[in-house]
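Structure first, then comments.
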Amino acid sequence: MPDRSLSVTGVAVPLLTAWGGSPDADLVFRFLVAHGPHDAEALRRELSMSRHRIAVALEELADSNAVRAASRPGRRGIDATIWHPRPPALVVAALRQRQLRAAQASLKVHRRLATLTELDPDLRVDMNAGMTGRPLHGLSRVRSRLGDLVDATRHEHLSMHPEPAFDRATVQASASLDHDLLARNVTVLSLGVPPSVEDITAAHTLELTHLGMQYRELPTLPAKMFLFDRRTVIVPMDPHDIAKGALEVAAPSMAERLAAWFMSRWSDARPPKSTTAAAVQLTPRERRVVALLAAGHTDTSAAARLGLSERTVAYAIRGVMERYGVQNRFQLGLVLGASMSTPDLAEDTKEKQ
């Protein structure tokens, strides 16, 4: 049986890659076991790795319970936390259990695809064609790998999202990836479902469609998936929670069939119904502030025109942004622009104090 450990300074350290860990996580863990607790900045210097790679590796190790974080009094920033390795034997036992769970989840993914094949004649995926997948454990590993695949995508990105709502952290994590694809003129098609009242992504979606993304909706969708250049597919292990990990399948033949199936669903889907007009409820002061800014005024000139302080103008805009779940003024302009008529500013532009 192959040796799955390396001896470092007399300590047998498991090769985490043998149990689904990334090479970066493996290197960081073995260094911590050999040289003791370090902070992220010290790890970066010692291992000659970027801050991003160190951060992702530490997040992966923390998700695997291979390290524990401890605060350092009086420190700030990335060196405020020092990372301690857990005993290698305990880590190996936990990774074995995780590997078993991943195998079970992979089987569920295969079965889910097989069920889709049975239910939909447009999807013809040969489940006996030696399809294999690589597990991505934990949300940090999934997001890191999605970032790598986005960087490598040159032509097309297809995604399917059956969730009716997303939280702010999810939107923020995906925003930079979406913008990167669109900035490189990659074709981006996204299928979703009608949003629930808890959803906060309307402004984000509006901004992306303004930048070139194509978005459509169906009443329901059977699975969540990401397809990159019709070569690689990412499918969550748990259809309801991608934070539990995902399965990466690099099988162009299967990806082509899934893409063709996606496009058949795309042809049945329709652009979302606009609900912006009903959602816009501004006070008279907010309408005046927004209208002046839309006309090209700065906060300073708008404040002078309305007889308000700059802080009051900034607070008014911030309040509108928070109510409509937008992250910047560009999104706010998109949300309000199509549905809000400009008030007559020639009359009573001074606030009555």
Side-chain angles (χ1 to χ4, degrees), residues 2-102 134-152 168-170 172-177 180 234 237 241-248:
D3 183 9
R4 292 188 172 183
S5 65
L6 288 178
S7 180
V8 180
T9 62
V11 179
V13 182
L15 289 171
L16 304 192
T17 51
W19 307 103
S22 69
D24 282 354
D26 174 72
L27 179 60
V28 170
F29 180 72
R30 287 191 284 111
F31 181 88
L32 290 174
V33 171
H35 301 285
H38 280 67
D39 60 52
E41 183 62 20
L43 288 168
R44 183 193 67 80
R45 292 195 303 268
E46 295 290 343
L47 297 175
S48 299
M49 295 167 62
S50 69
R51 288 186 175 87
H52 175 72
R53 288 175 62 191
I54 290 293
V56 170
L58 288 171
E59 287 180 10
E60 180 184 341
L61 291 171
D63 286 342
S64 306
N65 203 28
V67 297
R68 65 178 179 85
S71 299
R72 304 175 72 180
R75 300 293 184 95
R76 295 182 178 180
I78 61 175
D79 64 346
T81 301
I82 190 166
W83 297 91
H84 297 255
R86 295 190 182 277
L90 296 180
V91 172
V92 168
L95 291 178
R96 283 174 176 163
Q97 289 298 315
R98 190 182 72 172
Q99 194 86 335
L100 176 60
R101 292 193 298 271
R134 179 176 69 162
L136 304 171
H137 300 290
L139 185 58
S140 61
R141 185 80 188 280
V142 172
R143 286 178 174 169
S144 175
R145 185 56 182 153
L146 286 174
D148 292 340
L149 290 170
V150 164
D151 288 342
R168 191 174 303 278
T170 299
Q172 291 175 343
S174 65
S176 61
L177 302 182
D180 181 46
I234 300 289
M237 293 180 182
D241 188 4
I242 198 171
K244 294 182 179 179
L247 188 71
E248 176 184 349

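Computed over heavy atoms, backbone and side chain alike; hydrogens, waters and symmetry mates excluded.
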Euclidean distance, W83 CH2 relative to L32 CG, rounded to 0.5 Å: 10.0 Å
R51 with E41: basic N within carboxylate O range, under 4.0 Å: yes
Side-chain heavy atoms of L61 within contact of L16, under 4.5 Å: yes
side-chain contact (heavy atoms from CB on, under 4.5 Å) partners of A173, counting only residues at least two apart: R143
For N65, all residues meeting side-chain hydrogen bond (donor to acceptor under 3.5 Å, both in side chains), sequence neighbours excluded: R86
With sequence neighbours excluded, residues passing side-chain contact (heavy atoms from CB on, under 4.5 Å) with I242: L139, V142, K224, F226, P236
Minimum heavy-atom distance between A246 and I234, given as atom pair plus value: CB-CG2, 3.8 Å
Closest non-hydrogen atom pair, I54 against A40: CG2-O, 3.8 Å
Reported CD-to-CG distance for the pair E60 and D24, which is rounded to 0.5 angstrom: 8.5 Å
Side-chain heavy-atom pair L47, L27 within 4.5 angstrom cut-off: yes
Those residues that, when tested against D151, pass salt bridge (charged side-chain N to carboxylate O under 4.0 Å, His left out) (two or more places apart): none
Set of residues satisfying side-chain contact (heavy atoms from CB on, under 4.5 Å) with respect to R145, sequence neighbours excluded: R134, L136, D148, L149, E248
For S140, side-chain hydrogen bond (donor to acceptor under 3.5 Å, both in side chains) partners two or more places apart: D63
Distance (rounded to the nearest 0.5 Å) between R53 CZ and L43 CG: 12.5 Å
Heavy-atom closest pair, residues V28 and A57: CG2-CB, 3.9 Å
For the student: nearest non-hydrogen atoms of P85 and F29, plus distance: CB-CE1, 4.0 Å
Pairs meeting criterion ring-ring contact (aromatic ring centres under 6.0 Å, His included) with involvement of residues 38-61, two or more places apart: F31-H38
A70: partners by side-chain contact (heavy atoms from CB on, under 4.5 Å), with sequence neighbours left out: R68, I82, H84
Which residues share a side-chain hydrogen bond (donor to acceptor under 3.5 Å, both in side chains) with S144, sequence neighbours left out: none
